[in-house]
Amino acid sequence: MVTRELAALVVAAVSRAAAAGELPQLPEPLPPFEVEPPRDARHGDYATNVALVLAKAAGLPPRRVGEAVHRHLPVPSADLARAELAGPGFLNLFLAPAFVHRWLRRAHEADRRFGTSDEGRGRRVLVEYVSANPTGPLHVGTGRGGAVGETIARLLEALGYDVSREYYVNDYGGQVETLARSVEARYLELAGCAAEFPADGYQGAYVGDIARRIADREGLSLARAGEAERLARVQEYALSMMLEDIRETLEAFGIRFDTWFSERTLHERSDVRRCLEALRERDLVYEEDGAAWFRSTRFGDDKDRVIVRRDGRPTYFAADVPYHLDKYERGFEHLIDVWGVDHVGDVARVRGAVGAFGHAPSSLEVVLHQHVRLKNEGEAVRMSKRSGEFVTLRDLLEAVGRDAARFFFIMASPSAPMDFDFALARRQSSENPVYYVQYAHARICSILREAARLGREVPPAAAADLGRLTAPEEWVLAKRVITLPEVVYAAAMRREPQRLCAYAREVAEAFHVFYGQCRVLSDDAALTGARLVLVDAVRRALRNTLDLAGVGAPERM
RNA sequence: GCGCCCGUAGCUCAGAGGAUAGAGCGGCUGCCUUCGAAGCAGCGGGUCGGGGGUUCGAAUCCCUCCGGGCGCGCCA
């Protein structure tokens with residue numbers, strides 16, 4: 001990436017300054033310093049705080065350090081046009097055209113791989129996200145977790161990690177039983193039997209739909225079967241129908257999981273029981289009041305938590321521990337869980353438990369995302385799966401489309417709460433920020449189509465005279481485009497998908513400004529060739545960014 | 001009460017300790033005989049919740065107060 005190349009130039013300059021006796025011997029490697037684009041373009045294309053960082057170790061004022069480094073920077077050269085020492089000791093770096101041209105050519109050569117790197121090559125990562133209980137359709141809030149998790153997975157793949165996507169299916173325990181009893185009641189109603197709807201049952205219309213579909217397939221004979229058999233059959237049907245609905249919705253949302261991991265199998269394979277024994281051996285579980293308790297206070301929890309109830313049924317947490325151990329056993333060295341904030345309290349417990357089995361706490365990473373507060377014309381919408389009052393992800397997709405939904409969900413930092421006005425989204429769907437970016441892409445494709453029609457194909461990047469790109473709008477655009485690799489790197493490593501949206505918007509803006517000032521197809525063949533190479537690099541950068549965000553890059557719109 | 005997260009323009013939100021804090025939407029004014037006006041140019045809009053501290057430098061880090069969200073189940 002650009003910043004890394006510049007940092008290497010700076011490090012080399014520091015070494016030369018030290019060798020020349022202008023700086024004292026400094027620790028190897030140097031303390032971390034930054035190379036980044038300053039806010040104000042007058043402060044260079046990139047600025048580095050290296051002199052400020054080294055001042056302490058060098059025992060010299062920052063500006064003295066800066067002067068020494070400045071003298072040994074290769075300016076002017078094919079990389080840097082010039083450098084300036086400014087303010088408290090910043091070194092402002094101005095890129096040489098040849099440097100930018102080299103990167104534009106790389107964008108062409110790399111094409112779909114432009115922006116990727118191999119930082120994570122050979123490392124296996126498991127990303128678990130969504131994992132919503134299959135007790136109802138996915139609601140809007142789970143869309144955020146889905147978009148965040150999927151984008152993190154794609155970002156890590158772009159860094160070369162071997163990524164596996166997983167959905168943990170809570171197909172065991174009280175909630176699915178409640179779903180089964182709810183469906184059973186609706187089914188019995190269909191059969192004309194007196195049935196009391198469970199007090200804690202799921203009220204949504206989808207419960208009745210499932211009952212009807214069971215009746216369509218099985219008839220009403222289950223009404224005469226024994227209760228245990230009927231419940232078991234109904235639960236099986238309800239689960240598979242719900243999961244099918246969830247799977248379809250996620251596919252429409254651009255998400256496909258590699259594995260759907262069943263919680264029930266952990267119980268059936270005795271993983272839960274064996275894990276409990278192992279925890280007991282480590283003195284992390286004790287008996288009290290007839291229940292078994294996990295010593296979560298060892299891991300910063302404010303109280304110990306029940307792991308096996310008085311009636312002998314294990315709690316959710318009892319399965320969560322062997323589940324995560326199983327992930328490690330399957331060969332993943334790093335685990336990422338994307339959870340809604342309502343699970344904050346679980347983080348320390350699970351991490352502590354897997355730590356007791358020898359796994360580094362840092363190898364289990366939990367990305368928490370805040371909930372989506374849904375509004376309708378400014379009025380808050382209460383959402384509850386139990387009451388059946390909620391807006392589904394499917395509704396959202398039908399209202400605003402996949403692209404707008406995906407972009408919107410990752411535009412904000414996962415840790416920031418998000419307000420979403422459904423009515424507004426429906427109404428202003430054509431004015432969503434995503435269209436600004438997509439429009440830039442479509443406009444470029446339109447230019448390329450026109451070029452092809454005129455028989456003026458994009459020349460090979462190496463053949464074009466990029467020195468003809470001299471307009472300020474061209475320069476700004478080119479420099480923005482070539483930052484994609486560092487944007488992808490930062491977004492992936494910091495688990496901050498919103499950086500993709502910011503980059504896409506900035507590149508689109510630079511392109512729209514360029515478009516207003518510079519005509520691509522002109523009588524000047526050399527200039528036309530250079531501009532075609534530039535816009536085709538922009539096209540690749542935008543497409544790759546939108547791909548990572550799970551948003552389409554339309555050639556026409 | 002305790003823990004985590006958030007507080008930035010009218011609204012929704014960006015903002016790697018760095019220089020004069022940004023975008024979209026909404027409001028106002030211009031710009032299409034020329035590669036797509038889903039665009040561009042401009043105007044208006046801010047005690048970065050309040051206060052204190054660290055630092056050469058704080059929207060960013062620390063403390064404190066205020067406001068909001070979530071959690072503190074033998075639910076998942």
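These numbers were taken from a predicted model, which means no experiment stands behind them. The chains referred to below are lettered A, B, ... by the order of the sequence lines, with proteins before strands, and numbering in each begins at 1.
For the pair A:His369 NE2 and B:C13 C1', the interatomic distance rounds to 18 Å; values are reported in whole Å. A:Ile307 has its CD1 atom 16 Å from the C1' atom of B:C75, to the nearest Å.
A sub-4.0 Å separation between OP1 or OP2 of B:G68 and a side-chain N or O of A:Gln370 is absent.
Within the nucleic acid shown, A:Val347 has no heavy atom closer than 4.0 Å to any nucleic acid atom. Residue contacts for A:Ser413: at a heavy-atom cut-off of 4.0 Å it reaches the sugar-phosphate backbone alone, with no base atom in range. Using a 4.0 Å heavy-atom distance criterion, A:Asp171 is classed as making no nucleic acid contact. Residue A:Asp421 is classed as having no contact, given no heavy-atom separation below 4.0 Å to the nucleic acid. Residue A:His43 is in base contact, counting any heavy-atom pair closer than 4.0 Å across all strands shown. Residue contacts shown for A:Glu263 are limited to sugar-phosphate atoms, with no base heavy atom under 4.0 Å away.
The two residues A:Thr545 and A:Leu500 have their closest heavy-atom pair at CG2-O, 3.5 Å. Shortest non-hydrogen contact noted between A:Gly143 and A:Leu393 is CA-CD1, 3.9 Å. Scanning all heavy atoms of the two residues, the minimum distance from A:Phe317 to A:Ala353 falls at CZ-CB, 4.4 Å.
Near RNA chain B, meaning a heavy atom under 4.0 Å away, the residues from residues 335-343 of chain A are A:Val341, A:Asp342, A:His343.
Heavy-atom distances to RNA chain B give each of A:Ala502 and A:His371 a nearest nucleotide, and the one nearer the 5′ end belongs to A:Ala502.
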Acceptor/donor pairs from residues 410-421 of chain A side chains to any protein atom, 3.5 angstrom cut, sequence neighbours excluded:
residue	atom	partner	partner atom	Å
A:Ser413	OG	A:Ser415	N	3.3
A:Ser413	OG	A:Ser415	OG	3.0
A:Asp419	OD1	A:Arg373	NE	2.9
A:Asp419	OD1	A:Arg373	NH2	3.0
A:Asp419	OD2	A:Arg373	NH2	3.1
A:Asp419	OD2	A:Lys375	NZ	3.3
A:Asp421	OD1	A:Glu377	N	3.0
A:Asp421	OD1	A:Ala423	N	3.1
A:Asp421	OD1	A:Leu424	N	3.1
A:Asp421	OD2	A:Glu377	N	3.3
A:Asp421	OD2	A:Gly378	N	2.8

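Syn is the conformation of B:C32, whose glycosidic angle sits no further than 90° from 0.
Of the candidates B:C40, B:C72, B:A76, B:A76 carries the atom nearest the A:Asn133 side chain, counting heavy atoms from C-beta on. Taking every side-chain heavy atom of A:Arg305 into account, B:C72 is the closest of B:A76, B:C72, B:G24. If you check B:C6, B:A14, B:G24 against the side chain of A:Ser415, the one that comes closest is B:C6. When distances are taken from the side chain of A:Ala291 to each of B:C74, B:C4, B:G39, the shortest belongs to B:C74.
Paired runs in RNA chain B that reach 3 or more consecutive Watson-Crick or G-U pairs, where each pair keeps both distances under 3.5 Å, cover B:1-7 with B:66-72, B:10-13 with B:22-25, B:27-31 with B:39-43, B:49-53 with B:61-65.
Under the 6.0 Å distance and 45° angle rule, A:Arg305 does not count as a cation-pi partner of A:Phe294. Taking the centre and axis of the six-membered ring of A:Phe514, the NZ or CZ atom of A:Arg531 falls outside the cone set by 45° and 6.0 Å.
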Pick out the pairs of N or O atoms, protein on one side and nucleotides 10-12 of chain B on the other, that lie under 3.5 Å.
residue	atom	partner	partner atom	Å
B:U12	OP1	A:Asp419	OD2	3.1
B:U12	O3'	A:Asp419	N	3.4
B:U12	O3'	A:Asp419	O	3.4

Output a table of nitrogen or oxygen pairs between the protein and nucleotides 16-18 of chain B separated by less than 3.5 Å.
residue	atom	partner	partner atom	Å
B:A16	O2'	A:Glu34	OE1	2.9
B:A16	O2'	A:Glu36	OE1	2.8
B:A16	N3	A:Arg494	NH1	2.9

Close N or O pairs between protein and nucleotides 33-36 of chain B (under 3.5 Å):
residue	atom	partner	partner atom	Å
B:U34	O2'	A:Arg519	NH1	3.1
B:U34	O2'	A:Arg519	NH2	3.4
B:C35	O4'	A:Arg519	NH2	3.2
B:C35	O2	A:Leu521	N	3.1
B:C35	N3	A:Val520	N	2.9
B:C35	N4	A:Tyr515	O	3.3
B:C35	N4	A:Cys518	O	2.8
B:G36	OP1	A:Ser446	OG	2.2
B:G36	OP2	A:Ser446	OG	3.2
B:G36	O2'	A:Tyr439	OH	2.6
B:G36	O2'	A:Arg443	NE	2.7
B:G36	N7	A:Ser446	OG	3.2
B:G36	O6	A:Met557	N	3.0
B:G36	N1	A:Met557	O	3.0
B:G36	N2	A:Met557	O	3.4

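Rounded to a whole angstrom, the distance from the C1' atom of B:G49 to that of B:G69 is 16 Å.
Electrostatic pairing of A:Glu166 and A:Lys327 does not count as a salt bridge here, judged by no charged N lying under 4.0 Å from a carboxylate O.
At a cut-off of 3.5 Å, with distance as the only test, no side-chain donor of A:Arg351 or A:His324 sits close to an acceptor on the other residue.
Note that CD1 of A:Ile447 and CZ of A:Phe511 are 4.0 Å apart. Values are rounded to the nearest 0.5 Å.
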